[in-house]
Asker: 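To start, I am sharing the structure in question, which I have written as structure tokens.
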Amino acid sequence: MAEFKHVTVLLHEAVKGLAIDPNGIYVDATLGGGGHSSLIASRLKSGRLYSFDQDQTAIDYNRQHLQNVIAAGRVVLIKDNFRHLKAALANHGVTSISGIVYDLGVSSPQFDDAARGFSYQHDAPLDMRMNQQQQLSAKEVVNEWPYQRLEKILYRYGEERFAPQIARNIERHRQHQFIETTGELAEIVKEAIPAAARRHGGHPAKKSFQAIRIAVNDELGALEESLEQALDLLQVGGRISVITFQSLEDRLVKTIFHEKSSLPNLPQGLPVIPAGMQPHFKLVNKKPVLPTPAELEANHRAHSAKLRVIERIKKN
Ligand SMILES: C[S@@+](CC[C@H](N)C(=O)[O-])C[C@H]1O[C@@H](n2cnc3c(N)ncnc32)[C@H](O)[C@@H]1O
């Protein structure tokens, strides 16, 4: 099996955030190269870890990489989208968990393998599916989605200010010829951005590629659905660690965690807060945990990473 070169971001911080009980039931929602899973498994005695990934490559790699802990019954691999968290765990008889970690986005092998069609740096057929069995791919989004829908995702998921110009240029090109490759798309995006604006920031296609990837994999929808289920499954004292890599994801996690850990609007002048109204969760850190300067220097993927941790303090 080829090496799976992914350097885990905020490895120790995210696992420390879970405050592992060696006999607890844990979930790694984003197995990838197995960095977080290995460390969690090494802390377990009679506990068990369920590790999810929707990418068959990650599952196949970890079947070997984690074979000892799998054979010992400490780790179970689940090939599924984490948006099916509750149902997939219920299939294994699990209805409550001690903790779960999410390390979002794509893994380095997904990005670096040209054939997966995620990157504007390699010319390859447009794809961007994390789950190779999924129907919707970037080819369909780029060639078939109407102008308004394209503009909306470029703006919303890419925070791309030239979204209208880019969507229009995509529409113009595809009238003549099907857009087949990442290289063609990168050129079409670049062409739509005024030359002066191209001189600043990163690659001109970076934001558009991010937007299309988020749409293809419905990344924000899956995260929101999954977090709601994870919060529900969490036992008292249980924790959720989430590592995000872009502002939209981080905003979503921050909003949900704040809502869950805040008091509802109370009538003015209540002398004490009724027990039933107290929040069921607390934020473990008020501010997100960021990578250390040493990690930032060693791993460029760590640059936009933020870790947020929440704990259940009360059952319903
Ligand atoms: C950044 S990598 C995780 C790296 C991992 N923590 C490690 O240490 O190697 C993210 C992984 O999560 C998977 N993933 C992303 N969204 C998912 C989802 N909704 N359901 C299941 N897996 C998902 C991707 O396929 C990818 O393999």
Side-chain angles (χ1 to χ4, degrees), residues 3-18 26-42 49-66 69 75-89 99-113 116-119 127-134 136-137 157 210 213-230 240-246 248-250 252-253 291 295 298-307:
E3 201 38 59
F4 194 105
K5 287 210 177 91
H6 180 91
V7 182
T8 305
V9 174
L10 290 166
L11 170 63
H12 294 279
E13 294 85 345
V15 175
K16 180 168 173 243
L18 295 178
Y26 289 89
V27 177
D28 180 351
T30 50
L31 171 66
H36 288 108
S37 281
S38 294
L39 186 59
I40 296 170
S42 74
L49 170 68
Y50 295 87
S51 298
F52 284 67
D53 207 297
Q54 59 178 332
D55 187 336
Q56 191 62 51
T57 319
I59 298 287
D60 291 343
Y61 169 74
N62 282 287
R63 227 174 249 134
Q64 283 193 7
H65 177 57
L66 298 177
V69 276
V75 175
V76 175
L77 304 183
I78 301 180
K79 154 87 173 74
D80 204 341
N81 192 310
F82 59 54
R83 79 188 318 153
H84 305 137
L85 187 68
K86 253 190 179 173
L89 289 174
I100 177 167
V101 60
Y102 294 81
D103 175 15
L104 297 166
V106 288
S107 65
S108 303
Q110 285 171 330
F111 202 71
D112 296 340
D113 177 356
R116 303 297 299 266
F118 277 102
S119 170
D127 190 331
M128 303 197 196
R129 291 170 305 165
M130 290 186 196
N131 169 5
Q132 297 93 333
Q133 279 83 43
Q134 183 180 291
L136 181 69
S137 78
Y157 300 159
Q210 172 184 302
R213 191 200 88 205
I214 292 176
V216 166
N217 298 290
D218 187 21
E219 292 180 29
L220 298 172
L223 177 61
E224 184 168 2
E225 276 181 34
S226 187
L227 279 179
E228 289 295 345
Q229 296 171 40
I240 306 178
S241 285
V242 189
I243 304 167
T244 61
F245 290 89
Q246 36 100 347
L248 296 165
E249 271 171 355
D250 184 58
L252 179 66
V253 177
E295 180 169 13
N299 184 3
H300 76 99
R301 271 192 74 253
H303 269 272
S304 40
K306 285 184 181 167
L307 167 69

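Every number for a ligand or one of its atoms is a count from 1 in the order of the listing.
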Asker: For ligand 1, which part of R301 has a heavy atom less than 4.0 Å away: the side chain, the backbone, both, or neither?
Answerer: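 It is the side chain that touches ligand 1; the backbone stays farther off.
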Asker: Can you find an N/O atom of G35 closer than 3.5 Å to an N/O atom of ligand 1?
Answerer: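 For ligand 1, there is an N or O atom that lies under 3.5 Å from one belonging to G35.
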Asker: Between S37 and D28, do the side chains contain an N or O donor and an N or O acceptor separated by less than 3.5 Å?
Answerer: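 Their side chains do contain a donor-acceptor pair, which is all the 3.5 Å distance test asks for.
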Asker: Would K79 and D60 pass as an ion pair if we require N to O under 4.0 Å?
Answerer: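 So K79 does not pair with D60 through a salt bridge.
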Asker: With a heavy-atom distance limit of 4.0 Å, tell me whether M130 approaches ligand 1 through its side chain, its backbone, both, or neither.
Answerer: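 The answer is the side chain of M130.
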Asker: Checking contacts here: is it the side chain or the backbone of H6 that comes within 4.0 Å of ligand 1, counting heavy atoms only? Could be both or neither.
Answerer: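 Side chain only.
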Asker: Taking 4.0 Å as the limit for heavy-atom contacts, which would you say applies to D28 with ligand 1: side chain only, backbone only, both, or neither?
Answerer: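 Neither part.
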Asker: Could you tell me if any non-hydrogen atom of L104 lies under 4.0 Å from any atom of ligand 1?
Answerer: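 For ligand 1, residue contact (heavy atoms, under 4.0 Å) with L104 is present.
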Asker: So, D80 and Q54: side-chain donor and acceptor under 3.5 Å apart, yes or no?
Answerer: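 No.
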Asker: Where on L31 is there a heavy atom closer than 4.0 Å to ligand 1, on the side chain, on the backbone, on both, or on neither?
Answerer: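 Contact part for L31 vs ligand 1: backbone (N, CA, C, O).
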Asker: In Å, rounded to the nearest 0.5 Å, how long is the span from CD1 of I100 to NE2 of H36?
Answerer: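 If I round to the nearest 0.5 Å, the distance is 12.5 Å.
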Asker: For atom 9 (O) of ligand 1, what's the nearest protein heavy atom and its distance?
Answerer: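 Here the nearest protein heavy atom works out to G33 N, 2.8 Å.
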Asker: Any carboxylate oxygen within less than 4.0 angstrom of a Lys/Arg side-chain nitrogen, looking at R83 and D218?
Answerer: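 Salt bridge: yes.
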Asker: Taking atom types as modelled, is there a side-chain donor on Q246 or K306 under 3.5 Å from an acceptor on the other?
Answerer: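 Checked: Q246/K306 side chains show no N/O donor-acceptor pair below 3.5 Å.
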Asker: Does a donor on one side chain and an acceptor on the other come within less than 3.5 Å for S241 and E13?
Answerer: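 On atom types as modelled, these side chains do not qualify, holding no pair under 3.5 Å.
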Asker: Taking atom 24 (C) of ligand 1 as the point of reference, which of T30, D53, D55 owns the nearest heavy atom?
Answerer: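 Nearest heavy atom to atom 24 (C) of ligand 1 lies in D53.
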Asker: What's the shortest distance from atom 19 (N) of ligand 1 to any protein heavy atom, and which residue and atom give it?
Answerer: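 In this structure, atom 19 (N) of ligand 1 has N81 OD1, 2.9 Å as its nearest protein heavy atom.
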Asker: For ligand 1, which atoms have a heavy atom of G34 less than 4.0 angstrom away?
Answerer: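 Those qualifying, in numeric order: 7 (C), 9 (O).
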Asker: With heavy-atom distances below 4.0 Å as the criterion, list the atoms of ligand 1 near Q110.
Answerer: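 Near Q110, meaning under 4.0 Å from one of its heavy atoms, ligand 1 has 24 (C), 25 (O), 26 (C), 27 (O).
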Asker: Among H36, Q54, K5, which one puts a heavy atom closest to atom 22 (N) of ligand 1?
Answerer: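 Looking at heavy atoms only, the winner is Q54.
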Asker: Is the distance from the ring center of Y61 to that of F4 below 6.0 Å?
Answerer: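 Yes - the distance between ring centres of Y61 and F4 falls below the 6.0 Å cut-off.
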Asker: On the ring face of F118, is R213 found with NZ or CZ under 6.0 Å from the centre and within 45° of the axis?
Answerer: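 The answer is no, since R213 fails at least one limit relative to F118.
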Asker: Does at least one non-hydrogen atom of D80 fall below 4.0 angstrom from an atom of ligand 1?
Answerer: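 Right, D80 reaches ligand 1.
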Asker: Tell me: protein heavy atom nearest atom 10 (C) of ligand 1, and distance?
Answerer: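 Heavy-atom neighbour on the protein nearest atom 10 (C) of ligand 1: G105 O, 3.2 Å.
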Asker: Of the protein's non-hydrogen atoms, which lies at the shortest distance from atom 8 (O) of ligand 1, and what is that distance?
Answerer: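 The answer is T8 OG1, 2.6 Å.
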Asker: Can S226 and Y102 be counted as having a side-chain donor-acceptor contact under 3.5 angstrom?
Answerer: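 There is such a pair (donor and acceptor under 3.5 Å, judged by atom type) between the side chains of S226 and Y102.
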Asker: Please list the nearest protein heavy atom to atom 6 (N) of ligand 1 with its residue and the distance rounded to 0.1 Å.
Answerer: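 Answer for atom 6 (N) of ligand 1: D103 OD2, 2.7 Å.
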Asker: With S38 as reference, evaluate T8, N62, L66 under the side chain to side chain contact (heavy atoms under 4.5 Å, CB included) test and give the passing residue.
Answerer: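 It is L66; the other options fail the test.
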Asker: So which heavy atom in the protein is nearest atom 20 (N) of ligand 1, and how far is it from that ligand atom?
Answerer: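 Answer for atom 20 (N) of ligand 1: F82 N, 2.8 Å.
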